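Report on one structure; see the data block that follows.
Reckoned from all heavy atoms, side chains included, excluding hydrogens, waters and symmetry mates. Residue numbers start at 1 and run along the sequence shown. Order of appearance sets the numbers: ligands from 1, and atoms from 1 within every ligand. Nothing here was measured: the structure is a model prediction, and the numbers come from that model.
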Amino acid sequence: MNKFVSIVGARPQFIKAAMISNKIQNVDGIEEIMVHTGQHFDANMSDIFFNQLDISRPEIHHHIHGGNHGEMTGRMLVEIEKTLIEHKPDGVLVYGDTNSTLAGALASSKLHIPIAHVESGLRSFDIHMPEEVNRIVTDRLSDILLCPTDISIHNLECEGFKNLSKRVVKVGDVMQDAALFFASRAVAPAGFKLDPGFILSTVHRAENTDDPERLTSIISALNDIHQTVSPVVLPLHPRTHNAIKKLGLELKVHLIEPVGYLEMIWLLNNCGLVLTDSGGVQKEAFFFGKACVTLRDQTEWVELVNLGVNDIVGADCKKIIESVNHNFGRVVHDTNELYGGGRTSQNIVNELMKWSYE
Ligand code: UDP
């Protein structure tokens, strides 16, 4: 029997793993052992996703969170290495670009265990982003690079992957599978009373939360938009909550606790615009037919910018307000199945099966 260890730790990884893990369970001859590093640990950042998305509980939980990047990644490396030595998998599956992804890839690579990377080849070309470092190193160590888009394939080609003995394959974006699969189960957050047409916002990238000037400017823009355009609904990420508190800033919008995925897709479906610095939420805006204003200086999802449905505005208060006024209420269409049309998890399972029989 072929045995895989899959490594998750952060909110978007639980959503991606839900689609793949649930499919793998129906495949004879492949055994998956799920490891949760503990990177996200609040009930509404972790448990809720396992409950809502019918994912089996991770067999192994390392409960590692907090600390600086080096400390967190180092502690994960130590524990994941022990797990891999004990369970001797034939392969390891890692997702996205977090410290859990990097630690999983490093531990596997040192033990000569082949790695498959879901969401391979994405680049922001900003090496100061912790996620960019994690992606570059993970891709370089991986054996099967499961790319979501043509641009991600192109990025790997530019980095010389054509000359390496690795399998680089476009499979699509598993987040679209999740959006399509769970759309019919979407549910309003408990007690939510606003009419459709609100603006849905999320802010959590370190480049915004850890830079007082950027965070202050974004908050001024959000407060203004809430008054002048439409109510802004913002599920507040714990990191942003702490940063705002530390700086004594006042966020005068409709704040809610982080929500589960089913509530989040309800909000996406009912909003009039998305305003975010999240990677995943930029695409989910598109899946639910909404324009997106992105609070970053660049994006990995360049095809949405090229299509004119994602406006990259950074943290400039004036630019944010102008873009929101321009894009609010726009309806956008996915005509070319840019992200695989919901077949990505099956494509990935097919790749894993080929791999396991090679
Ligand atoms: N998300 C959620 N609840 C929230 C905020 C986000 O379920 O309160 C989901 C969102 O729909 C997306 C994923 O979490 O599927 C994105 O995670 P996040 O923005 O934390 O990470 P990123 O995509 O930027 O890595």
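One hydrophobic cluster holds both Phe287 and Ile15 under the rule that ILVMFWY side chains link at heavy-atom gaps under 4.5 Å. Each of Val169 and Leu145 belongs to its own hydrophobic cluster when Ile, Leu, Val, Met, Phe, Trp and Tyr are linked at side-chain heavy-atom distances under 4.5 angstrom.
Comment: Glu119 engages Lys16 in a salt bridge, judged by a side-chain N to carboxylate O separation of less than 4.0 angstrom. Taking 4.0 Å as the cut-off between side-chain N and carboxylate O, Asp97 and Arg135 count as a salt-bridged pair.
Listed as neighbours of ligand 1 are Arg11, Pro12, Ile15, Phe49, Met175, His204, Arg205, Pro235, Pro258, Val259, Gly260, Tyr261, Met264, Ser278, Gly279, Gly280, Val281, Glu284, each bearing a heavy atom under 4.0 Å from the ligand.
Put simply, the side chain of Thr294 never gets that close to the backbone of Ile312: no donor and acceptor are under 3.5 Å apart.
Checked against side chain to side chain contact (heavy atoms under 4.5 Å, CB included), Leu77 has the following partners two or more places apart in sequence or in another chain: Leu106, Ala107.
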